[in-house]
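Have a look at the structure below before the remarks.
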Protein chains: 2
Amino acid sequence: MPVRDEVDDLVEAWTRERSDLDLAPVEVFSRISRLARLLDLARRKAFADHDIELWEFDVLAALRRAGGDYELSPGRLIRETLVTSGTMTNRVDRLTGRGFVERLPDPNDRRGVLVRLTPDGREAVDGAFEALVAAERDLLAELPAKDRRQLAGLLRRLMTPFS
Amino acid sequence: MPVRDEVDDLVEAWTRERSDLDLAPVEVFSRISRLARLLDLARRKAFADHDIELWEFDVLAALRRAGGDYELSPGRLIRETLVTSGTMTNRVDRLTGRGFVERLPDPNDRRGVLVRLTPDGREAVDGAFEALVAAERDLLAELPAKDRRQLAGLLRRLMTPFS
DNA sequence: CCTAATTATCTTGATATCAAGATAACGGTC
DNA sequence: GACCGTTATCTTGATATCAAGATAATTAGG
């Protein structure tokens, strides 16, 4: 055990209190949760310089990744970002207010809407993404490439039972 | 690459659009974020049978782990659960309303307060924790013990630059 | 001691989120 | 072609969260 982290303390405490349970899952999932929380804070900070909120990035990045004319339906955005429809309506409203996206009628489905990235939105998300990748690279700096790949592979396998 | 996950699609899309960037960090951190999100949903479901919300568990579990007389200050609870003081005040209020915790004056510091788990609270958190560990065990079932330990170790190393 | 800086908790006001339901259009079936 | 279950999006109402500030007690310095 090279270093000790907060989860080692947490598991030790649980072990003291509940030695009847197998706490192996906690070793993995507590770290996932805590890392995600800390990562959120780090991302927020990386985006602050670019005047972009985390939720804004989530939506803009999905559109940017789509490529082509940077259009996706709200439904698709919902699935990509794992939020509810009410939340997405609200997000698209506010991003429209900032001039980062615009709503278009879907030519193939009159119920449907397409959300399109504007040039301003594209510029914003590209800058933010570069800052994000740079910040994350620093956080990974301690981990050799081999370990990093192994970690990514193990995380991929961990994701399968969820889908 | 045994199976393909959502993040493989995401990275492929980013690679198509931004081949100028090294996307190795995304392979790791996107999976962390997405796993945490999916894990939240799974936990919520595991707790639903026990009529416990996720935020309630976070607070009750911190008190339960403390052992002894199950008392912690709000400040300590804030640090354990990574929320703001306003949030914690509100959480303790609501848990008090449910009879799961009670507030006591700190005998050593007249500014201070101690939050103590009640017997009802202890019963609730113990049941919820058992359900949580069982649910997480199922999610880990595919991963051999050796891989699980390796994953926990890599995650521990990933946590160090955050603290 | 007395003051100033710090620490601990709570309050306030604004806001993002969710769950549930409303509205409207699609697509298959009879 | 009319019906009906499904799908896509938006609306509404309630609520949990955060940031900033208020209050009160402790601690450290002079």
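Reminder, nothing fancy here: chain letters follow the sequence lines and each chain counts from 1. None of the values given here were measured: they were computed from a predicted structure.
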Report yes or no: is the cationic atom of R94(A) (NZ for Lys, CZ for Arg) under 6.0 Å from the centre of the six-membered ring of W55(A), at an angle within 45° of the ring normal? yes
In terms of heavy-atom contacts, E17(A) and R65(B) come closest through CG-O, 3.7 Å
By side-chain contact (heavy atoms from CB on, under 4.5 Å), A66(A) pairs with (sequence neighbours left out) L72(A)
**Request:** Could you check if a side-chain atom of E71(A) sits within less than 4.5 angstrom of a side-chain atom of L63(A), using non-hydrogen atoms only?
**Result:** no
Just to be sure I understand the rule, does G86(B) reach a base, reach only the sugar-phosphate, or reach nothing, if contact means heavy atoms closer than 4.0 Å?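 Base contact.
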Exercise for the section: Describe the nucleic acid contact of R37(A) in one word from base, sugar-phosphate, nothing, applying a heavy-atom distance below 4.0 Å. Expected result: sugar-phosphate
Whole-Å gap separating [atom2] ([N]) and [atom1] ([X]):
X: E56(B); N: dT15(D); atom1: CD; atom2: P; result: 14 Å
X: L77(B); N: dC10(C); atom1: CG; atom2: C1'; result: 15 Å
X: D40(A); N: dT17(D); atom1: CG; atom2: P; result: 14 Å
X: L114(A); N: dA8(D); atom1: CG; atom2: C1'; result: 12 Å
X: L41(A); N: dC18(D); atom1: CG; atom2: C1'; result: 12 Å
X: M88(A); N: dA20(C); atom1: CE; atom2: P; result: 20 Å
X: R76(B); N: dT9(C); atom1: CZ; atom2: C1'; result: 17 Å
X: L54(A); N: dT15(C); atom1: CG; atom2: C1'; result: 16 Å

Could you name each residue pair satisfying ring pair (Phe, Tyr, Trp, His ring centres under 6.0 Å) that touches residues 139-160 of chain B, not counting sequence neighbours?
->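 Every pair satisfying ring pair (Phe, Tyr, Trp, His ring centres under 6.0 Å) with a residue in residues 139-160 of chain B: there are none.
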From the candidates dC10(C), dA16(D), dA16(C), the one with an atom nearest any side-chain atom of N90(B) is dA16(D)
- Item | Selection from dC18(C), dT9(D), dT17(C) that lies nearest to any side-chain heavy atom of T84(A) |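 Side chain of T84(A) sits closest to dC18(C).
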So, OP1 or OP2 of dT17(C): does either fall under 4.0 Å of a side-chain N or O from T87(A)? no
Under 3.5 Å, is there an N or O donor on one side and an acceptor on the other linking the side chain of R111(B) and the base of dT7(C)?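 Pair found.
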**Prompt:** Does the base of dC10(C) carry an N or O that pairs as donor and acceptor with the side chain of S85(B) under 3.5 Å?
**Reply:**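 In this structure, the two groups form a donor-acceptor pair.
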task = Start with the C-alpha gap between R103(A) and L114(A), add the side-chain angles, then the distance that decides, and say whether side chain to side chain contact (heavy atoms under 4.5 Å, CB included) holds.
result = CA-CA 6 Å; R103(A) 253 187 264 250; L114(A) 289 176; over 6 Å; no
Just by distance, with hydrogens left out, do T87(A) and T84(A) show a side-chain donor and acceptor under 3.5 Å apart? yes
| task | Give, ordered by number, those residues of residues 91-110 of chain B having at least one heavy-atom distance below 4.0 Å to an atom of DNA chain D; if nothing qualifies, reply none. | result |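 Contacting residues: R91(B), R94(B), D109(B), R110(B).
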